[in-house]
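Note that ligands are numbered from 1 as they come in the structure, with each ligand's atoms numbered from 1 the same way. Keep in mind that the numbers below use all heavy atoms, side chains included, and drop hydrogens, waters and symmetry copies.
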Amino acid sequence: MKTVNGFPDHFLWGGAIAANQAEGAFNEDGKGLSTADMVPYFEKKDYVNLRELMHVTSASIERAMAHDSAEGYPKRYGIDFYHRYKEDIALFAELGFKAFRLSINWARIFPNGDDAQPNERGLQFYDNVFDELRKYGIEPLVTLSHYEMPMTLVENYGGWANRKVIDFYVKYAETVMTRYQDKVKYWLTFNEINTTVIEPFTGGGVVEDRVGNIRQASYQALHHQFVASSLATRLGREINPEFRIGCMLARMIHYPATSRPEDVHQALVDNQLNLLHTDVQVRGEYPAFIGRYFKENGIELATEPGDEQILRENTVDFISFSYYTSLVSTTEPEKYGVTGGNLFSTVKNPNLERTEWGWQLDPIGLRTVLKEMYDRYRVPLFIVENGLGAKDTPEADGTINDDYRIDYFRKHLTQVKEAIMDGVEVMGYTSWGAIDIISASTSEMSKRYGVIYVDQDDHGKGTLNRFRKKSFYWYQKLIRSNGEDME
Ligand code: BG6
């Protein structure tokens, strides 16, 4: 029997960002508007009803479309990664990154989604970014769609609820996979694909007030994304057999609130609904329970005859996932208080501490998730998001002493190491928001995840200068020791 003592050689240490939260330059060099450009800033006062607060409607889209500046829409200006990528990548190199996860903004390549030709200036930008990463020997890990799509596909087609969008996505995937075939090896087809049924506009460009039954529309959109992901996987393998293509899940492990069989079963159901996505993308078919679930929820999927075969024959090479928190299931929610996260809410777990934004901190849950997913699927796992969103206050001398973030990383990475020693195959770890970026949910800047501080406030004011936090040096040391030095 083989035993493993720690992080393997060639472990892909790094960090992650998303185009729509970092790049800015929302209307430069031919980029079209994307769904993320429709999301205004709002001050987050309540951590529980965040989904309702950030809800994008026809009326809010109309307002956003009429607003042609970046003011009030922080994702439109991001942290100006578009112009500062060289400086940022130099810092990632200094950290010792082996990998850097980023996404391509679809609307930079196909401004309307259905254009006949791609936008050369958009393609050139990512050429430059990948070349810069390669210069330092950093492996890009590219998400094709991270919480955005061209707005024209929403306005003229109804987003992912429309089957035609599959063809546009496949064309986009083919364009970038061909163009970057010698520069990018690791691809993820969709960020947190389960978001499509949790927050359909963010995940699938589906506007709730434009569809009759939102559950029906979001599962339909999800089905189209599954098919599109499989087709892109097939294409990618034809373009370059060396590609490694993965799916991406926001793993939301649910614990039963008590040992009452009702709660235990409810947790099982909630876990099944979360793992439905990896079941389809790794096993190549919908799980058995879903037929009854669809029937009881009035969901009738429109599928085409070849779909089953496409899903079956083009499963992914690895599973990537985000992990921030664990959730709690019960059939008696009224007995417990509720806490939030970003797009979800859950009943409180009295055994866990919560961050200022309501996320329940659970490092051991990460070990559980790794072991459970590896047992279930037996494919390599990649943690592509994990991190602490917190307010940082620079000291008078400019230093940022974020010991709370170091503590977070130390506790979570200890559990990753335990899982590796338990035999789980883990490819890498890219911390979320290697550098402070705009929050996906609230569009706040003050909810910071990075080990690199960016001088900008919630209203876009600041020098945009970058500073190394205390956690920067800690992470650098950890990477240098391949995960051994956690002090
Ligand atoms: C993940 C997303 O769900 O959570 C990221 O993939 C996001 O895009 C991250 O930034 C943290 O959420 P938030 O809302 O705190 O930025």
Side-chain angles (χ1 to χ4, degrees), residues 15-23 34-37 39-44 46-56 74-75 78-79 81 101-105 141-149 188-204 246-253 274 277 320-327 339-346 354-361 366 369 382-392 405 408 412 430-450 454 456 458:
I17 61 166
N20 77 81
Q21 294 169 254
E23 286 175 5
S34 74
T35 44
D37 297 321
V39 184
Y41 167 81
F42 61 86
E43 203 181 336
K44 187 174 170 191
D46 183 329
Y47 303 139
V48 175
N49 67 342
L50 185 52
R51 263 179 68 205
E52 283 100 87
L53 281 175
M54 61 181 286
H55 203 56
V56 171
K75 288 176 192 161
I79 55 158
F81 180 77
R101 175 176 176 234
L102 71 167
S103 64
I104 296 178
N105 195 322
L141 166 61
V142 173
T143 316
L144 288 171
S145 177
H146 187 130
Y147 282 2
E148 44 74 7
M149 68 190 299
L188 306 177
T189 51
F190 289 93
N191 180 61
E192 297 187 337
I193 196 165
N194 50 315
T195 297
T196 299
V197 294
I198 299 175
E199 217 300 296
F201 182 77
T202 306
C247 57
M248 198 308 199
L249 176 77
R251 178 67 187 112
M252 297 165 146
I253 187 170
N274 181 241
H277 306 80
S320 77
F321 68 95
S322 61
Y323 177 85
Y324 292 95
T325 189
S326 57
L327 289 80
T339 186
N342 54 1
L343 302 173
F344 59 88
S345 56
T346 178
R354 280 177 291 282
T355 73
E356 212 180 321
W357 276 267
W359 304 70
Q360 314 202 94
L361 296 172
L366 178 53
V369 159
F382 202 147
I383 304 153
V384 296
E385 281 189 37
N386 174 239
L388 176 72
K391 286 197 169 120
D392 294 325
R405 190 167 288 107
Y408 178 98
H412 283 79
T430 54
S431 67
W432 181 246
I435 181 165
D436 296 344
I437 52 180
I438 308 293
S439 158
S441 51
T442 62
S443 294
E444 287 162 300
M445 186 67 208
S446 50
K447 187 183 190 185
R448 298 173 180 274
Y449 286 87
V454 177
Q456 177 171 247
D458 281 345

Which option out of Y449, W357, Y324, W359 puts a heavy atom nearest to atom 15 (O) of ligand 1?
Y449

Below 4.0 Å, non-hydrogen atoms only: which portion of [X] touches ligand 1? Side chain, backbone, both or neither.
X    : result
N191 : side chain
Y147 : side chain
S441 : both

Does the pair Y41 and K75 meet the rule for a side-chain contact (heavy atoms from CB on, under 4.5 Å), with working shown?
CA-CA 9 Å; Y41 167 81; K75 288 176 192 161; over 6 Å; no

Is there a donor-acceptor contact under 3.5 Å from the side chain of [X] to the main chain of [Y]?
X    : Y    : value
N274 : A250 : yes
E199 : T202 : yes
R448 : V454 : yes

Hey, which atoms in ligand 1 end up nearer than 4.0 Å to a heavy atom of [X]?
X    : result
E192 : 1 (C), 2 (C), 3 (O), 6 (O)
S439 : 13 (P), 14 (O), 15 (O), 16 (O)
K447 : 13 (P), 14 (O), 15 (O)
Q21  : 5 (C), 8 (O), 10 (O)

Does any N or O of ligand 1 fall below 3.5 Å from an N or O anywhere on W432, backbone included?
yes

Ligand 1 and A440, any nitrogen or oxygen pair closer than 3.5 angstrom?
yes

What is the ring orientation for Y449 with Y324, classed by angle as parallel under 30°, tilted 30 to 60°, or perpendicular over 60°?
perpendicular

Would you say the ring centroid of H146 lies under 6.0 angstrom from that of W432?
yes

L141 to V384 - nearest heavy-atom pair and separation
CD2-CG1, 3.6 Å

